[in-house]
There are 2 protein chains.
Amino acid sequence: MQKKRIPNIYDVAKTSGVSISTISRVLNAPDKVNPETRRRVISAIDKLGFIPKAEARAHAMKNTNRIGVLTPYFTAPSFVQRLRGVVAALSKANYELVIYPVDSVEHLQAYTSSIPIMRNIDGLIIMSLAIEEKDALRLHDNSMETVLIEYAHPRLNNISIDDVQGGHLVAKHLIEKGHTRVAFLGDIEPPERYAIHPVKSRLQGFKETLASADISLQKKYIVQASYSQDESRQAAYHLLTLSKPPTAIFAASDIQAASVMKVARQLKIRIPEDMAVIGFDDIDMADHMDITTIRQNLDESGRLAAEILLSRIAEPSRPLQHIRLPLTLIERLTT
Amino acid sequence: MQKKRIPNIYDVAKTSGVSISTISRVLNAPDKVNPETRRRVISAIDKLGFIPKAEARAHAMKNTNRIGVLTPYFTAPSFVQRLRGVVAALSKANYELVIYPVDSVEHLQAYTSSIPIMRNIDGLIIMSLAIEEKDALRLHDNSMETVLIEYAHPRLNNISIDDVQGGHLVAKHLIEKGHTRVAFLGDIEPPERYAIHPVKSRLQGFKETLASADISLQKKYIVQASYSQDESRQAAYHLLTLSKPPTAIFAASDIQAASVMKVARQLKIRIPEDMAVIGFDDIDMADHMDITTIRQNLDESGRLAAEILLSRIAEPSRPLQHIRLPLTLIERLTT
DNA sequence: TAGTTTTATGAAAGCGCTTTCAGTTTAGCA
DNA sequence: TGCTAAACTGAAAGCGCTTTCATAAAACTA
């Protein structure tokens with residue numbers, strides 16, 4: 001019992017007595033072939049269990065039915081939720097998703113310089129990454145369809161939110177709740193060149209609205225903390241053990257809000273009675289933990305990115321899209 | 001200023017004055033070409049900015065440097081953490097990751113029947129999915145390297161945990177804490193044919209150890225709840241509002257434990273004073289929320305799966321691996 | 001220095017499809 | 001019945017690489 005080879009299009013041609021062109025046609029343009037021959041071919045296909053090799057197809061057609069996502073920290077909840085949206089849109093369209101995790105500038109550069117030329121994907125979504133001008137141009141010049149999330153470039157599609165307005169919303173809410181001694185915890189000095197700085201804008205908006213209500217955000221109430229758990233906790237600890245701790249903390253992300261809450265629990269500080277906490281993003285966990293937060297529709301941003309990409313791949317002449325997604329405050333139990 | 005074409009190997013051959021074979025050689029087996037010619041070729045490559053097209057390469061070499069992951073609920077934290085491990089291992093080896101989200105049996109079947117023949121990936125990781133005998137055989141017969149996570153088949157690699165023992169650990173812990181009226185919340189009747197049933201085993205182990213300590217787990221204290229937030233919360237509500245509520249709840253996953261805690265919060269039930277909660281998995285969130293749980297090393301399972309896959313792709317003669325990962329109890333603040 | 005290895009290269013045959021182009025039938029119509 | 005248009009189909013030319021095989025040149029041997 002010899003192992004039979006995986007059949008190729010020539011095998012099908014042989015057993016159905018037509019040329020390979022016809023096989024290809026019944027697969028890709030069935031209406032262009034006589035119903036009778038089509039039947040014969042199909043039965044041969046079924047009999048042999050023929051499935052066209054994806055690589056060969058991609059090679060001949062110069063498209064891969066695959067799109068890529070370039071992302072840092074791809075396992076952070078907010079990124080995952082974006083990815084969820086991307087996947088939702090892609091699987092409908094029968095596109096595959098390949099993930100390129102980025103953890104250094106070199107990494108990012110390597111990707112942006114090789115991807116458009118290697119041509120192993122049809123389109124690219126770049127999440128929360130600052131790309132250099134020359135890389136953006138390379139993508140554009142080599143006509144690699146791209147959509148940027150949380151970053152913008154005039155020649156590429158992009159989807160973003162108004163972080164400053166996000167800061168406004170938070171401040172407004174806290175003011176309404178009667179807080180006057182508030183603090184901010186977030187990653188305002190990202191050291192990596194490739195990362196972006198939405199957090200600074202959130203802080204800016206926060207400050208602005210506070211100022212307009214004559215509330216000053218003192219320096220000592222602004223603490224730097226990277227996305228990492230350790231740093232967030234230390235920063236939270238610092239804030240919560242000040243001689244005159246704030247009555248409300250705006251954490252620049254829900255994850256960090258959760259860290260604040262964890263530290264508060266250790267210090268027996270009740271939330272929201274003793275201290276209010278508000279996050280940003282509205283990741284799934286925020287609901288689980290009843291964290292008041294600013295919702296940016298993460299799933300939607302991913303879905304939209306994918307849809308824009310697919311539509312431009314299908315029809316490259318369509319205009320560029322620069323989309324700004326709305327933000328809403330979701331009040332739960334921590335403020 | 002005409003747009004210059006993306007260069008191919010022929011262009012490089014022309015400008016460096018050698019044949020395409022030589023170009024290919026300096027790229028894939030540099031030591032087989034004279035240092036002097038190599039230098040010339042390399043400078044031509046740099047000058048033109050040549051990068052080999054991935055598809056063409058894949059077509060000629062019959063391997064893609066890409067591995068696939070078949071997974072349900074790919075955005076659930078536990079899956080994401082497994083993926084994190086996979087990605088960590090792959091990016092070292094310069095392999096790409098493509099994700100195939102599965103949400104129905106048809107979906108799964110379609111994948112398992114076409115993937116091995118389409119040959120657009122070199123290897124496959126199947127997470128928490130029950131695959132049918134014939135599909136497993138197809139994968140094996142078409143020599144598509146595969147590793148199964150949380151499921152087993154004699155002809156394929158697999159990685160699993162001892163869910164029964166997990167149940168034992170939970171029961172033991174609760175008994176030591178002095179609980180005698182305990183409950184179980186989990187997805188014990190998954191309706192989807194393609195999903196697997198580790199939760200039943202956890203319940204079984206839980207029961208066994210309780211029984212050996214003469215504690216009976218009453219029917220009314222075993223509640224069914226799917227992975228969905230709504231159902232988990234309803235089930236939790238039911239349990240917490242019984243006339244004689246349990247003093248401890250074993251939730252079959254951390255996410256569900258979080259739901260229980262959320263409901264408890266609403267009902268002003270203090271944890272752990274009024275009621276203990278223990279989860280399963282030890283996802284990142286468990287630490288954030290200080291949930292006592294059973295740790296199964298999710299990241300590690302993913303990393304291991306990828307490593308096994310890569311090693312077998314490189315050396316198909318290596319023996320199959322059937323690995324069982326250890327479980328440990330992590331005590332935090334909810335018990 | 002003739003004979004034998006070794007090293008370096010190019011020609012050409014794949015890899016398995018899609019698609020254009022031209023030729024052959026068949027159908028449509030007066 | 002003769003002529004034109006429409007419908008099918010096959011040959012062949014890509015797509016852009018890798019790799020085998022043969023050959024030529026260089027390097028050793030005795």
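Protein chains get the first letters and strands the later ones, always in sequence-line order, with residue 1 at the start of each.
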K.L.:
Does any non-hydrogen side-chain atom of A:Ile45 lie less than 4.5 Å from one of A:Leu27?
P.N.:
yes
K.L.:
Check the angle between the aromatic planes of B:His59 and A:His59 and answer parallel, tilted or perpendicular using the 30° and 60° thresholds.
P.N.:
tilted
K.L.:
Could you list by number each residue of residues 45-68 of chain B showing a heavy-atom separation from DNA chain C of less than 4.0 Å, or answer none if no residue does?
P.N.:
B:His59, B:Ala60, B:Lys62
K.L.:
Got A:Arg119 and A:Asn142 here, is their nearest side-chain heavy-atom distance under 4.5 Å?
P.N.:
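A:Arg119 reaches A:Asn142 side chain to side chain.
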K.L.:
Please find the pair of heavy atoms, one from B:Arg303 and one from B:Ala89, that lie closest to each other, and give the distance.
P.N.:
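The answer is O-CB, 3.8 Å.
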K.L.:
Which heavy atom in B:Ala58 sits nearest to a heavy atom in A:Glu55, and how many Å separate them?
P.N.:
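Closest approach of B:Ala58 to A:Glu55, heavy atoms only: CB-OE1, 3.4 Å.
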K.L.:
Does atom CG of A:Asn94 have more than 12 heavy-atom neighbours from other groups under 6.0 Å away?
P.N.:
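Not more than 12 within 6.0 Å, no.
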K.L.:
State the OG1-CG distance between B:Thr146 and B:Leu139, to the nearest 0.5 angstrom.
P.N.:
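It comes to 4.5 Å.
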K.L.:
By the 4.0 Å heavy-atom rule, please label B:Thr22 as base, sugar-phosphate, or nothing.
P.N.:
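The answer is sugar-phosphate, as B:Thr22 gets under 4.0 Å only of primed atoms, P, OP1 or OP2.
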K.L.:
Could you go step by step and tell me if B:Arg40 and B:Ser16 meet the side chain to side chain donor-acceptor pair (under 3.5 Å) rule?
P.N.:
CA-CA 6 Å; B:Arg40 276 221 321 289; B:Ser16 60; over 6 Å; no
K.L.:
Is there a side-chain contact between A:Ile23 and A:Val18 (heavy atoms, below 4.5 Å)?
P.N.:
yes
K.L.:
Name the nucleic acid region contacted by A:Ile23, choosing base, sugar-phosphate or nothing; use a 4.0 angstrom heavy-atom cut-off, strictly under.
P.N.:
nothing
K.L.:
Nucleotide range of DNA chain C contacted by chain A, 5' to 3', under 4.0 Å to a heavy atom?
P.N.:
C:dG16 to C:dT20
K.L.:
Within residues 27-39 of chain A, which residues have any heavy atom lying less than 4.0 Å from an atom of DNA chain C?
P.N.:
A:Asn28
K.L.:
To the nearest 0.5 angstrom, please state how far the CD1 atom of A:Ile67 sits from the CG atom of A:Asp122.
P.N.:
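A:Ile67 atom CD1 to A:Asp122 atom CG measures 9.0 Å (nearest 0.5 Å).
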